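Data block below; observations after.
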2 protein chains.
Amino acid sequence: MNKAEEILAKYKLKKTNFRLELIKLFQSSKSSFTADEINDKIKSTNDKVTIYRALSAFEKKCLIHRVPDKSNLIRYALCQKECSKIHHKHNHAHFICNVCAQTFCLDNIKLPQINDTSGFKINKTKLTLEGACPSCY
Amino acid sequence: MNKAEEILAKYKLKKTNFRLELIKLFQSSKSSFTADEINDKIKSTNDKVTIYRALSAFEKKCLIHRVPDKSNLIRYALCQKECSKIHHKHNHAHFICNVCAQTFCLDNIKLPQINDTSGFKINKTKLTLEGACPSCY
DNA sequence: AACACAAACGCAACATGGTTGCGTAAAAAA
DNA sequence: TTTTTTACGCAACCATGTTGCGTTTGTGTT
């Protein structure tokens, strides 16, 4: 877990107050954020465009990844160290809490190996669990 | 596979040209439809509100169910016979084709049994596969 | 067949989430 | 310090889906 400033430097992203705060926000939480939630938590910008563009930039640099969302919003979580600077490499499941509507990455669950025989070429497997998270259970 | 008219009668839905066509459309295909795709294929209405409300009504009667969509659109597929008139009961996987952006129900794949030990209470398991469907492979 | 009621339609207007264009500001590189 | 490039911030836009409401049309009943 590097310092926010080192991360921005490493990924050749300019160091601005908002982006520093954004990285710290992601690092501070085990769950994930939508643009709207970010807007509520960070004061150094009020412009949603700034938020969306920072999220896109971070995603492109493999710093954060999209996770499923209860209401089909775009939601991001921090990437693990397996992601390189240019390549996402995720094989974990996600958990959606139906109480607080948060999404969590579950690193301890391994994805099933599916071999479909009906003519579908499978490239990716996504496993999403729903229920109640530890805080809401 | 009943006639469209019988289905509408069974579910106490009024028989209109559009809803008859809509049922037939779902029955004609192994995949699934968004409101926009329905609007392209059915001529008996031009109003998206009519489409959205019919889809909601069909979903409430457990005639169709929501399936995942590549672009986070609301997408529906026909229910199987296990769904009662008032209760959805699905435990199949879904396949998203990254070429044609269609979603298919995979009835031959059984969902994995997940026992999470980290304090998450799991109520539902969703398995979504991605790749190329038979027509696009 | 006529009536009455509820369900469905169709139009307008709205809500939400996300995107694009463009001029300006401000880091970082030279 | 100058130049270059990235990020910001505002406005305007777009796409998907929803709500309200008056009108129409099935359908079940008299």
Side-chain angles (χ1 to χ4, degrees), chain A residues 3-25 32-61 63-76 85 101 103, chain B residues 3-25 32-61 63-76 85 101 103:
Chain A
K3 282 227 171 76
E5 285 157 30
E6 293 168 2
I7 293 175
L8 287 178
K10 173 180 169 192
Y11 288 92
K12 298 225 164 63
L13 294 162
K14 278 163 81 167
K15 182 176 82 174
T16 68
N17 287 338
F18 167 65
R19 294 187 172 199
L20 285 171
E21 276 198 81
L22 185 56
I23 290 183
K24 287 176 193 158
L25 176 63
S32 53
F33 301 96
T34 63
D36 200 55
E37 289 167 356
I38 291 166
N39 197 33
D40 285 347
K41 308 219 177 210
I42 292 187
K43 325 96 215 162
S44 48
T45 191
N46 281 311
D47 189 357
K48 58 181 181 173
V49 180
T50 298
I51 297 174
Y52 283 115
R53 290 208 255 240
L55 291 172
S56 297
F58 284 12
E59 182 187 22
K60 202 170 297 172
K61 302 288 184 161
L63 200 45
I64 57 175
H65 65 290
R66 293 190 188 206
V67 297
D69 177 80
K70 188 171 162 55
S71 308
N72 275 1
L73 302 179
I74 300 181
R75 175 179 288 279
Y76 289 97
K85 276 197 261 193
T103 303
Chain B
K3 283 228 172 73
E5 286 156 28
E6 294 167 2
I7 292 176
L8 287 178
K10 173 180 171 193
Y11 288 91
K12 299 224 162 63
L13 294 163
K14 279 162 82 168
K15 183 176 82 176
T16 68
N17 287 338
F18 167 64
R19 293 186 175 202
L20 285 172
E21 277 198 80
L22 186 55
I23 290 183
K24 286 175 194 159
L25 176 64
S32 54
F33 301 96
T34 63
D36 200 56
E37 289 167 357
I38 290 165
N39 196 34
D40 284 347
K41 307 221 176 207
I42 292 187
K43 325 96 214 159
S44 48
T45 190
N46 282 312
D47 189 357
K48 58 182 178 171
V49 180
T50 298
I51 297 174
Y52 283 116
R53 289 210 253 241
L55 291 172
S56 297
F58 285 11
E59 183 187 23
K60 201 170 299 171
K61 302 289 183 160
L63 199 46
I64 58 176
H65 65 289
R66 293 189 189 207
V67 298
D69 177 80
K70 188 172 162 54
S71 309
N72 275 0
L73 302 179
I74 300 182
R75 175 179 287 280
Y76 288 97
K85 276 197 262 193
T103 303

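First the proteins, then the strands, lettered A, B, ... as listed; each starts at 1. If you're wondering where the values come from, they're calculated on a predicted model, not measured in any experiment.
Distance CD1 (B/Ile74) to P (D/dT16): 11 Å, rounded to an integer number of Å. The nearest whole Å value for the distance from the CZ atom in B/Arg66 to the C1' atom in D/dG17 is 10 Å. Look at CD on B/Glu59: it is 12 Å from P on D/dG17, rounded to the nearest Å. The separation between A/Glu21 atom CD and D/dC8 atom C1' is 15 Å, rounded to whole Å.
Near DNA chain D, meaning a heavy atom under 4.0 Å away, the residues from residues 33-52 of chain B are B/Lys48, B/Val49, B/Tyr52.
Shown here for A/Glu59 and A/Tyr76, the closest heavy-atom pair between the two residues is OE1-OH, 3.1 Å. Here the closest heavy-atom approach between residue B/Leu8 and residue B/Lys14 is recorded as CD1-O, 4.0 Å.
Partners of A/Phe33 under the ring pair (Phe, Tyr, Trp, His ring centres under 6.0 Å) rule, at least two apart in sequence or in another chain, are A/Phe26.
Using a 4.0 Å cutoff to heavy atoms of chain B, the contacted part of DNA chain C runs 5' to 3' from C/dA6 to C/dA12.
Here B/Lys41 does not pair with B/Glu21 in a salt bridge; the nearest charged N to carboxylate O distance is not below 4.0 Å.
In this structure, CZ on A/Arg19 lies 13.5 Å from CD1 on A/Ile7, to the nearest 0.5 angstrom. For the atom pair OG (B/Ser32) and CG (B/Asp69), the distance works out to 7.5 Å, reported to the nearest 0.5 Å.
The backbone N or O of B/Asp47 lies less than 3.5 Å from a partner atom in the side chain of B/Thr45, making a donor-acceptor pair. A distance-only check finds no donor-acceptor pair linking the side chain of B/Lys70 to the backbone of B/Ala101 [under 3.5 Å]. In this structure, the side chain of A/Thr103 engages the main chain of A/Pro68 through a donor-acceptor pair within 3.5 Å. Looking at B/Asn17, its side chain never comes within 3.5 Å of a backbone N or O of B/Ser44 through a donor-acceptor pair. Side-chain atoms of B/Lys15 do not come within 3.5 Å of backbone N or O of B/Glu5 as any donor-acceptor pair.
A/Arg19 comes within 4.0 angstrom of sugar-phosphate atoms only, judged by non-hydrogen atoms across all strands, and of no base.
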Annotated protein contacts, base or backbone, on nucleotides 22-30 of chain D with a non-hydrogen cut-off under 4.0 Å, one of B, S, - each
---BBS---
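Surrounding CG of A/Asn46 are at most 12 heavy atoms belonging to other residues, nucleotides or ligands under 6.0 Å away.
In this model, no side-chain donor or acceptor of B/Arg53 finds a partner on the base of D/dG17 within 3.5 Å.
End-to-end axis angle of the helix from C/dA1-D/dT30 to C/dA30-D/dT1, from C1' rotation axes over five pairs per end: 30° (rounded to 10 degrees).
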Which pairs of donor and acceptor atoms, one on a side chain in residues 49-58 of chain B, lie under 3.5 Å apart (sequence neighbours left out)?
| residue | atom | partner | partner atom | Å |
| --- | --- | --- | --- | --- |
| B/Ser56 | OG | B/Tyr52 | O | 3.1 |

